[in-house]
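Beneath this line is the structure, given in structure tokens, with notes to follow.
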Amino acid sequence: MSACTPLRDGEPEPDRPRGTGRGRSSEKPGRPAGQRRGARGRWAADLAASLTVFLIALPLSLGIALAAGAPLQAGLVAGAVGGLVCAWLGGAPLQITGPAAGLTVITAELIQTYGWRATCAITVAAGVAQIGLGCLRIARSALAVSPAIVHGMLAGIGVTIALAQLHVMLGGEPDSSPLTNALELPERLVAVQPAALSISLLTVFVLLAWPRLTRRGGPGGRLAGKVPAALVAVGLATAASVLGDMRLPRVELPSWSAHALPALPDGPLLGPATAVLTLTLVASVQALLSAVAADKLAAQRNDGRVPRSDLDKELRAHGATNIVSGLAGGLPVTGVAVRTSANIAAGAVSRNSALLQGLWVLVAAGLLVPLLEWIPLAALGALVMVVGVRMVNLTHIRAVSRHREALVFGATLAGVVLIGVLEGVGIGIGVAVAVALHRLAHTRIQADDDGAGSGEPLRIVVRGQLTFLAVPRLSRALARVPEGADVVVELRGTFMDHAAYEALEDWSATHRASGGGVEVVNGAGRQLAEPSAAHTCTPWMPWRNHQCTRPEGGEPAHTPRRGQLLGGVGNFQRATAPLVREELARLAEEGQRPSHLFLTCADSRLVTSMITSSGPGDLFTVRNVGNLVPLPGQDAGDDSVAAAIEYAVDVLEVESVTVCGHSGCGAMQAVRGSAGGPGDAAGSLGRWLRHARPSLRRLGAPDRPVPRLADRETADELEALCLANVVQQLEHLTAHACVARRVGAGKLELHGMYFHVGEAQAYVLDVEGTDVDRAVFRAVRPGRAVG
């Protein structure tokens, strides 16, 4: 911790004044000239991006309001509120919030059922529900929904939008039912209005052709690339309709004095409550998915200027935005992927771009009403129709098919189109669960011994997911393998649970002991025990007397206690700091968010970052003599460890705690060497080592299992005490109220580890809940996932 006052998770540390030490700058204090120029550059980038997004958002806001059957002004209200409120309060700096095509079907159904003013009230209630979900910190849980369900939902909404807007493009009025729109389409084609069709075709042509024009080289292509296709298409269609003196329905924006505000729906509350639930779920999932996509797009720019999204904060901001939008008579809002990607591609670097685009929409709603009323409705219908068609994403469909989720995708799409959004998502979840259970329960195990007589190894092929349900069949197949035979076990599934892993691992060890050979491979023939090349770590280099730790000038350090340490610091500043400075700057701005508390010994041979392959921000580490965890309330002088545990568990909300002991521990040697027990040693060390007394008692207790290593015999009594001490300190951990509470809620895992220094081998004890009597430590092998 770098400050005396604890900071909450995600809060950056307060700025500290920095002095130059000599002289006085002519610049204003606290803001160097370079920083001021950088701030001006960021504002310029955000201003340019906001204008680009505004030009996309303006016609789309009107078109989405038209498609939903809402007052057209409601689209402008939602666009302005989404930019001003959500950008100010949100946790995703680059996300653009506003009226979205993904909510069009839901909004249209609400307006048809309850009327526009009641729909505004439902929007307010959905915003309150979103704030509640954000306060419960379950935003990440929404991302657990299968991508096939999300893509199917969006595709179903896209089909519904496209079917409805085809009638608008042909000069007619759409029905609220997608099935009715599809059945009445031939009749509408017979009675088509040529003027509406020509304007619609022109709009579609420009929308599709404009991106190709902008991809051409030369000044013309670069200039055209700065103007959004949606604005060009609607602008040209409007100009053509005016110059051609076409009599077409156009945008009508009534006086703001007659703008409708929310009112409570009539009748029983069950229907509106279901509507609130539907709107809350769909708007929240789409907003969170858009925020995650924004993080990925921002990371691809690799400029390191944008922090990752705080999804719970973003969800709360969307709730506040929907409350304001509903109260002001606007459409419901959510994160809009198209406008968000355009914002990032245009170079936005902060939330100021979203704020400014909301301001531009607000200004346009007040000053550009006469100009907007020239836009023909057929042009807006064509614009939204193209958006709906693009929601049926062929890339997503191919990805879903490749992962064998086409049935889930198709069921969700059909349910959304034929029944409704919430019902369709429910059908998709049901089909996804059925598909998962089918895959888990249907595992085929086949033994192929055709080549066994010719010297080829026996091959056992497992098709499907290898879970505890398949362990009996797997055990029967393995039991038929002759002793001493060479075997290749080929796993063609994508998942193997702990029970199946243990069964296969135990049989492999027994078969190898009998003289046989076992090779476990995946469907591509690669050994599963081999680590992926992408995760290969650089070997640890001996640092003692290494040239990089020598002082400047190349001479060996004759005072290693000072010279070697300062030489190492100098090497860090010269070689390592440039590589990690960007990551450390991000951590300094965002604050620490470790997922693990690692409690280990202060022994200088135990390098936590080396044995855990961790970096800055990964571990919250506590080190003391003997890796001890004093029981709460024993001695006032031992509050340091308890304070660190409370801070990690309650404030940082780590997900796991690991107690790590090691071989040759000097503290355990002192415990064993005390004639009358650890409490007899003098001084502070003796008082501290009294906390190891329960470990010594555990080792000699006849009614408790003796901690042991699964892979070999315990070397001596010292090693046995080191193992017992790890198990005992885990038991002490569970006596702390904060740990017991989080473990009981299923939000915290406890693990034990023993590191043998001479062998460079880690042994892990997995703890289930608070059951620390499972005293068997297993060696961690290359390629084996732990935990």
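Everything quoted here is computed from the prediction, not taken from an experiment. We're numbering straight along the sequence, starting at 1. As a basis for the values below, the full set of heavy atoms in this structure was taken, side chains included, without hydrogen atoms, waters or symmetry mates.
- Summarising the geometry of L315 relative to S284, their closest heavy-atom pair is CD1-OG, 3.5 Å, with the distance given to 0.1 Å.
- Annotation: side chain of F755 is not in contact with side chain of V607 (no heavy-atom distance under 4.5 Å).
- Summarising the geometry of G428 relative to V408, their closest heavy-atom pair is O-CG1, 3.7 Å, with the distance given to 0.1 Å.
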Report task. Could you walk me through whether D295 and S309 pass side-chain hydrogen bond (donor to acceptor under 3.5 Å, both in side chains), step by step? Result -> CA-CA 7 Å; D295 284 344; S309 299; 2.9 Å; yes
Query raised in the report: What's the verdict on side chain to side chain contact (heavy atoms under 4.5 Å, CB included) for H511 and V481, showing C-alpha distance, side-chain angles and the deciding distance?
Result: CA-CA 9 Å; H511 190 69; V481 176; 3.7 Å; yes
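- Remark: I138 CD1 to D312 CG distance equals 8.5 Å, nearest 0.5 Å.
- Between G661 and N627, the shortest heavy-atom contact is CA-OD1, 3.6 Å.
- Using a 4.5 Å heavy-atom threshold, the side chains of P594 and D618 count as separate.
- Heavy-atom minimum distance, A411 versus I427: O-CG2, 4.0 Å.
- By the 4.5 Å heavy-atom criterion applied to side chains, V757 and S663 are counted as neighbours.
- Atom-to-atom distance recorded for H596:NE2 and L652:CG is 13.0 Å, nearest 0.5 angstrom.
- Remark: the backbone N or O of A92 is paired with a side-chain donor or acceptor of E314 at under 3.5 angstrom.
- For the pair V622/F598, no side-chain contact is recorded, criterion being any heavy-atom separation below 4.5 Å from C-beta on.
- Taking 4.0 Å as the cut-off between side-chain N and carboxylate O, R742 and D650 do not count as a salt-bridged pair.
- Around the CD atom of E717, the shell of radius 6.0 Å holds no more than 12 heavy atoms that belong to other residues, nucleotides or ligands.
- By the 4.0 Å N-to-carboxylate-O rule, E590 lies too far from R308 to be salt-bridged with it.
- The side-chain heavy atoms of M753 and Y763, taken from C-beta on, include no pair separated by under 4.5 Å.
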Report task. Given side chain to side chain contact (heavy atoms under 4.5 Å, CB included), test W507 with L474 step by step and report yes or no. Result -> CA-CA 10 Å; W507 177 85; L474 176 65; over 6 Å; no
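- Distance check: F620 CZ to L599 CG gives 10.0 Å after rounding to the nearest 0.5 Å.
- Of the charged side-chain nitrogens involved, at least one lies within less than 4.0 Å of a carboxylate oxygen, so that R712 and E719 count as a salt-bridged pair.
- Between the side chain of T734 and the backbone N or O of E731, at least one donor-acceptor pair lies under 3.5 Å.
- Note that CZ of F409 is 9.0 Å distant from CG of L154, once rounded to the nearest 0.5 Å.
- The two residues S508 and V518 have their closest heavy-atom pair at OG-CG1, 3.6 Å.
- Rounding to the nearest 0.5 Å gives a distance of 4.5 Å between CG of L281 and CG of L277.
- No donor-acceptor pair under 3.5 Å is formed between the side chain of R512 and the backbone N or O of G517.
- A donor-acceptor pair is defined here as one N or O able to donate and one able to accept, closer than 3.5 Å; no such pair exists between the side chain of D603 and the backbone of C665.
- Taking a cutoff of 4.0 Å between a charged side-chain nitrogen and a carboxylate oxygen, K747 and E655 do not qualify as a salt bridge.
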Requested in this report: Starting from the C-alpha separation in whole Å, work towards a yes-or-no answer on salt bridge (charged side-chain N to carboxylate O under 4.0 Å, His left out) for R708 and E713.
Outcome: CA-CA 7 Å; R708 60 184 179 85; E713 295 293 330; over 6 Å; no
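- By the 6.0 Å contact criterion, CZ on R444 is open, its count of non-hydrogen atoms from other residues, nucleotides or ligands being 12 or less.
- At distances below 3.5 Å, at least one donor-acceptor pair connects side-chain atoms of H756 with backbone N or O atoms of E759.
- Separating the NE2 atom in H442 from the CG atom in L469 is a distance of 11.0 Å, to the nearest 0.5 Å.
- Judged by distance alone, the side chain of H396 and the main-chain N or O of V392 form no donor-acceptor pair under 3.5 Å.
- Side-chain contact between V629 and I645 is present, with heavy atoms from C-beta onward closer than 4.5 Å.
- Between L619 and T658, every side-chain heavy-atom pair lies at or beyond the 4.5 Å cut-off.
- Looking at Q592 and L587, their side chains never come closer than 4.5 Å, going by heavy atoms from C-beta outward.
- With T510 contributing its side chain and D506 its backbone, the two residues share a donor-acceptor pair below 3.5 Å.
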**Report entry** Residue pair R463, Q446: steps toward the side chain to side chain contact (heavy atoms under 4.5 Å, CB included) verdict
**Finding:** CA-CA 8 Å; R463 293 179 176 88; Q446 180 181 358; 3.1 Å; yes
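- Closest approach of T443 and V462 over heavy atoms only: CG2-CG1, 3.8 Å.
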**Report entry** Verdict with reasoning, V659 to L733, per side chain to side chain contact (heavy atoms under 4.5 Å, CB included)
**Finding:** CA-CA 9 Å; V659 175; L733 260 178; 3.7 Å; yes
